[in-house]
Amino acid sequence: MVLLSKATTEQYSYIKNCMPTKFSSTIPIVDLSKPDAKTLIVKACEEFGFFKVINHGVSMEAISELEYEAFKFFSMSLNEKEKVGPPNPFGYGSKKIGHNGDVGWIEYLLLNTNQEYNFSVYGKNPEKFRCLLNSYMSSVRKMACEILELMAEGLKIQQKDVFSKLLMDKQSDSIFRVNHYPACPEMTLNDQNLIGFGEHTDPQIISLLRSNNTSGLQIYLRDGNWISVPPDDKSFFINVGDSFQVMTNGRFRSVRHRVLANGFKSRLSMIYFGGPPLSEKIAPLSFFMKGKESLYKEFTWFEYKKSIYGSRLFKNRLEHFERIAAS
């Protein structure tokens, strides 16, 4: 990607300047090494659909090495990066997000966690990149399963792996994404912010995000306000996804979030999207019913993926599967 000029920025989306001068201090923090983690996770999922995790057990050295290799990849020429292939559905993408007109000040790598890739096109040391990537994905999936099992404990569900088994399944349709948002010195035009990644919810069960120490991530609260998430390169941020919202019959809500371009520093984020097998039926679990009506029709993960590929980012993509409007 290149530095922006006024002419090149006109194709992108903007919002009224709303980047707060101070970061929010209301983001829930969960220490995975503490006994109260399971209780705090459930509370955070109910109130925010989002929380920060510390003492997560993922090696900081491994994180730093993978981040370094990712920056090296994104620093290559566009011609070299495009040799990876377009994100259809997996590969290298720039500016365009999906196939329905969404754009952002972003370039990215999108990979399936259960698929082998030709890493010879990933820079000068592809084998190192492959090893680092596989090790990182394994560690983050393990953390995702730990979090989901703590959730089950916190909810007092007898079957501890009721959620985590979907990610551990060999047919799990999980995705790994690396997003690069270049610094954008000319991002503020007429008191507006340039969109890096537009507002959306994640469709999977759970997402685990780690980024460098550059701001830009915002989440939408139920009171109608957007708040900026303080960057922390030593922690992970966890999102509840649409599928989990359905499985809990709306008790946990998927969090709407977005990324704004930063005027001074590039931002790099690595996200693990924990998804179930394509054939998995998604519906409210009996534990969350108990005298309540189901808010959602049953659907397979494949059916939901097919549906969301035809919609814009900002849409309520669960709308077509609702029986009763979720409050």
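Computed from a prediction, not measured in an experiment: that's the story for all the values here. Side chains included, hydrogens not; waters and symmetry mates left out as well; all remaining heavy atoms used.
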Do Met76 and Leu78 share a hydrophobic cluster (ILVMFWY, side-chain heavy atoms under 4.5 Å, transitive)?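 Met76 and Leu78: one cluster.
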Point to revise | Met60 with Leu132, same ILVMFWY side-chain cluster at under 4.5 Å | key: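 Yes, because Met60 and Leu132 connect within a single hydrophobic cluster, where side-chain heavy atoms sit under 4.5 Å apart.
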[X] side chain to [Y] main-chain N or O, any donor-acceptor pair under 3.5 Å?
X: Ser243; Y: Pro203; answer: yes
X: Arg253; Y: Phe48; answer: no
X: Asn316; Y: Leu318; answer: yes
X: Ser94; Y: Glu107; answer: no
X: Arg323; Y: Tyr296; answer: yes

What are the two closest heavy atoms between [X] and [Y], and how far apart are they?
X: Ser279; Y: Thr300; answer: O-CG2, 4.0 Å
X: Phe74; Y: Leu109; answer: CZ-N, 4.1 Å
X: His320; Y: Ser307; answer: CD2-OG, 4.2 Å
X: Gln204; Y: Gly275; answer: CG-CA, 4.0 Å
X: Ser269; Y: Tyr181; answer: OG-CE1, 4.0 Å
X: Val53; Y: Ser235; answer: O-CB, 3.3 Å

Please name the residue in the list Glu67, Glu61, Glu69 that meets the side chain to side chain contact (heavy atoms under 4.5 Å, CB included) test with Glu65.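 With Glu65 as partner, side chain to side chain contact (heavy atoms under 4.5 Å, CB included) holds for just one option, Glu61.
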**Prompt:** Considering the options Gln245, Glu298, Met247, which one meets the side chain to side chain contact (heavy atoms under 4.5 Å, CB included) requirement together with Ile282?
**Reply:**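 The side chain to side chain contact (heavy atoms under 4.5 Å, CB included) with Ile282 is passed solely by Met247 among Gln245, Glu298, Met247.
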- prompt: Parallel, tilted or perpendicular: which describes the rings of Phe73 and Tyr92, with under 30° parallel and over 60° perpendicular?
  reply: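 Aromatic pair Phe73/Tyr92 classed perpendicular.
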List for me each residue that meets ring pair (Phe, Tyr, Trp, His ring centres under 6.0 Å) alongside [X], sequence neighbours excluded, and say none if there are none.
X: Phe288; value: none
X: Phe244; value: Phe163, Phe252
X: Tyr108; value: none

Step-by-step side-chain contact (heavy atoms from CB on, under 4.5 Å) determination, Asp102 to Arg312: CA-CA 7 Å; Asp102 291 297; Arg312 296 290 303 274; 3.1 Å; yes
**Study point:** For Ile29, the rest of its hydrophobic cluster, which grows through side-chain links under 4.5 angstrom
**Key:**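 Besides Ile29, the hydrophobic cluster comprises Ile54, listed by chain and residue number.
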Carefully, step by step, assess Asp202 and Ser207 under the rule side chain to side chain donor-acceptor pair (under 3.5 Å). CA-CA 7 Å; Asp202 295 337; Ser207 309; 2.8 Å; yes
> Can you check whether Phe71 and His180 have ring centres sitting under 6.0 Å from each other?
Replying inline: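 Yes, close enough.
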Open item on the list: side chain to side chain donor-acceptor pair (under 3.5 Å), that's the test. Do Asn100 and Ser311 meet it? Break it down for me.
Closed with: CA-CA 7 Å; Asn100 302 294; Ser311 67; 5.7 Å; no
Holding to side-chain hydrogen bond (donor to acceptor under 3.5 Å, both in side chains), I want the full list of residues that pass it with Asn225, two or more places apart in sequence or in another chain.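 Asn225 satisfies side-chain hydrogen bond (donor to acceptor under 3.5 Å, both in side chains) with Asp223 only.
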Can you tell me if NZ on Lys43 sees more than 12 non-hydrogen neighbours from other groups inside 6.0 Å?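 It does not: Lys43 NZ has 12 such atoms or fewer within range.
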So does Phe302 have more than 12 non-hydrogen atoms from other groups sitting under 6.0 Å from CZ?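 Not buried by this count: 12 neighbours or fewer within 6.0 Å.
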Counting only pairs under 3.5 Å, give me each side-chain donor-acceptor contact of residues 139-160, with atom names and distances, residues two or more places apart or in other chains.
unit_1	atom_1	unit_2	atom_2	d
Ser139	OG	Ser135	O	3.1
Glu149	OE2	Ser164	OG	2.9
Gln159	NE2	Asp161	OD1	3.2

Short N-O contact, Lys83 and Glu80, less than 4.0 angstrom |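 Between Glu80 and Lys83 there is a salt bridge, with a charged N closer than 4.0 Å to a carboxylate O.
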Inset, instruction - Kindly indicate whether the side chain of Leu32, heavy atoms from C-beta on, has any atom under 4.5 Å from the side chain of Ile41. - result: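 Contact flag for Leu32/Ile41 side chains = yes.
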>> Is there a side-chain contact between Lys34 and Leu40 in this structure, where contact means two heavy atoms from C-beta onward sitting under 4.5 Å apart?
In response: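 No, side chains not in contact.
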Do Lys290 and Phe287 form a cation-pi contact, if we require the NZ or CZ to be under 6.0 Å from the six-membered ring centre and within 45 degrees of the ring's axis?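 Checked: cation-pi criterion met.
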